[in-house]
2 protein chains.
Amino acid sequence: MLKKVILNKSITMGGIQLVSSKDVAARAGVSQTTVSRVLNTPELVKKPTVDKVMKAIEELSYVPNGHARSLVQNKTNTIALISGPLHNPFFVDTTSAIVKYANELGYRVHVQFINDEQITEAYAAAIENKVDGVILSCILLDDPIFDKLKRMQIPFITYNRKHKSDEWFVEIDNYKAGYLAAQHVINLGHQHIVWIGGPLSVSTYLHRYKGFNKAIEDNHLSLADSDIFITDTSIESMRDVFQELTSREHVPTAICAGSDSIALDAIDIALQNGLNVPEDVSIIGIDNVGISKHQFIQLTTVGSISEQNLGLVAIKRLIELIENKENSCIKHTESVKLFNRKTVREV
Amino acid sequence: MLKKVILNKSITMGGIQLVSSKDVAARAGVSQTTVSRVLNTPELVKKPTVDKVMKAIEELSYVPNGHARSLVQNKTNTIALISGPLHNPFFVDTTSAIVKYANELGYRVHVQFINDEQITEAYAAAIENKVDGVILSCILLDDPIFDKLKRMQIPFITYNRKHKSDEWFVEIDNYKAGYLAAQHVINLGHQHIVWIGGPLSVSTYLHRYKGFNKAIEDNHLSLADSDIFITDTSIESMRDVFQELTSREHVPTAICAGSDSIALDAIDIALQNGLNVPEDVSIIGIDNVGISKHQFIQLTTVGSISEQNLGLVAIKRLIELIENKENSCIKHTESVKLFNRKTVREV
DNA sequence: CCGCAAAATGGTTACGTATTCATTGGAGGG
DNA sequence: CCCTCCAATGAATACGTAACCATTTTGCGG
């Protein structure tokens, strides 16, 4: 039987300083258990002992190892955020709010910015580290990930989009948003209106489009198939759309965009093509993202009445779930209204 | 001596399914060691065994526990990103690039968006989880954090800003940027120029301001103390600045902003105050953030010649450090040039 | 001054993985 | 047919922490 050799870990090994609670314990002349107590339940430790330990911690510049803690507690204080790309200003607003709020409550957030195709890998990467919860936007109506998440028993919530099962989501009233957007441009006299939206496999775009369509119907306007553009929301597709539009004899007078991001891209390309907004073409978005208020932009749009950030709403609910302050299924839909600014005008 | 009781962990405990490599091993009829080998060095395992194990993994929907792995390997595949707030478009660009690149190389990124005051807590939260590296922007010229990071032996890099020690940074040539910005407005005939920048305890603002000052001197222009605004970069301060400016008898004809973010805020407030840009006042920024190109904005600014994203440059270098492909101290300064757009005009 | 409860502290183990070392089995050469 | 060597697998351990249970110390009433 070999004799066990005890290494003094406070000695630099391989250039990397490893200090564990055992080292602190040795230095302070107490047990590792006591060190742990000093950090977690100091009220159970006599003051002189606390001081000794704190001194040792200071001297060794000890930092507890979160991984070890996560392992034993099966609690990571980490949330995975799977967001859409930041070139979409909607996700700028939500990411900012989510990370800030979670951090304030002591959660680390590890983020991924993905496109729809990458969701499976993203999800795999996310749960490998046994996070306490997952907050995600990029989910399709008919996404197998949803059931996997449910089976995993990890608290999760989708924001902005939802799954066809109609569970665990935070959204705005997308149908009404689409309706209001269309109704607004119709009220201002537009007759030839174009829809530019994202894939209908996404709840957000689908319901907004349906609402848009209903408003067109209710007002007895006609809508040609060629006036519906279902794009992948990339800036290149937007360029293609405008190439198509500007080559027509009658350019439409108004564009309803499926989101503010699409609207902003459309404006950018319109201006590049020499079309002024709103003089030559009116453009309305949906989401009321932060930057839409900028004086340079003044985007007319539809958004949540409360002007609450959807990401913030979602992260609050998620953390309630994690901390068991809430356990019923979350189904949150914000009412919407028009934000009348400068990118739509009367004809 | 008590007999050890073996729990079958594949049974649901407390509503949460815990599956470990031991469970997989039991199910496949092999040892835990073999399961580990199948996942990490499958070439050392006979094919039939690999198949058995993979089948068990599938059936139990086993996911390896990253925390346990990190603990034993002392490698986390995680990077901490301490960024400035996302309402600053510069950090939108960098965060996006950093997270995307790191994810592609298999690193998780946990992010924090902070203001300068919060750096100490942010740093503590970051290293508690023994990350492989830290990438941070919000560092002051004279920040004690810097030495702590060095002592910690964790690879790290600062982007945008640097520490007074002139080590481990990625930046643009801020001095020249300030100079070019000033020179440009001077070339267009402006005589009364105002500087609006952030705190001089930040390398970026300090050097940009110095460059600006030098250009003023070189052109024999005068500069009153009241024409220098050193703000905390908040939108409220910007409002105060404009309150001051518009109350003057002679409103300056040009504003050199310490960053694009400041410039964009300035434009916003200027327009709110009924000042048109550039008709009533010219405004130039520094950074050349992505959104500055937007047709609605067309911000005149100074930025990196290569137009490479600073965050991307930084994360690439950081990962080289982590993977030992690089070990000399990183000191990266990008050359700059003027991006002449629409927010500055001749007088 | 004793005894006993409560406070304070310590010893041991589990968490889930990768690694190190030990063991088994089979192929191939003499 | 035996010995050697290598491929394949397994057993035991370490990583750093919190939790559980055990032990020691303190305080206090009688």
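Side chains included, hydrogens not; waters and symmetry mates left out as well; all remaining heavy atoms used. Here is the naming used below: chain letters follow the sequence lines, and residue numbers restart at 1 for every chain.
Within residues 26-41 of chain B, the residues approaching DNA chain C are Gln32(B), Thr33(B), Ser36(B), Asn40(B), by heavy-atom distance under 4.0 Å.
Contacts classified as ring pair (Phe, Tyr, Trp, His ring centres under 6.0 Å) and involving residues 95-115 of chain B (residues at least two apart or in different chains) are not found.
With the nearest nucleotide of DNA chain C identified for both Glu43(A) and Pro64(B), Glu43(A) has the one nearer the 5' end.
For Ser21(A) and dT17(D), the shortest distance from a side-chain N or O to OP1 or OP2 is below 4.0 Å. For dT9(C), one of the phosphate oxygens OP1 or OP2 lies less than 4.0 angstrom from a side-chain nitrogen or oxygen of Thr49(A).
Applying the side-chain contact (heavy atoms from CB on, under 4.5 Å) criterion to His87(B), with sequence neighbours excluded, gives Pro85(B). Remark: Leu71(A) engages Asn65(B), Ala68(B), Leu71(B) in a side-chain contact (heavy atoms from CB on, under 4.5 Å) (not counting sequence neighbours). Scored by the side-chain hydrogen bond (donor to acceptor under 3.5 Å, both in side chains) test, Glu121(B) finds no partners at all (sequence neighbours excluded). Partners of Val109(A) according to the side-chain contact (heavy atoms from CB on, under 4.5 Å) rule, which considers only residues two or more places apart in sequence or in another chain, are Leu81(A), Val99(A), Ala102(A), Asn103(A), Val111(A). Applying the side-chain hydrogen bond (donor to acceptor under 3.5 Å, both in side chains) test to Asp142(B) and every residue at least two apart in sequence or in another chain returns Lys164(B). Taking the side-chain contact (heavy atoms from CB on, under 4.5 Å) definition, one finds that Ala56(B) meets it with Val24(B), Arg27(B), Ala28(B), sequence neighbours left out.
With salt bridges taken as basic N to acidic carboxylate O contacts below 4.0 Å, one links Lys55(B) and Glu59(B).
Each end of the helix from dC1(C)-dG30(D) to dG30(C)-dC1(D) gets its own axis from five base pairs, and the two axes differ in direction by 50°, given to 10 degrees.
Taking atom NZ on Lys75(A) and atom C1' on dA19(D), their separation rounds to 17 Å, with Å as the unit.
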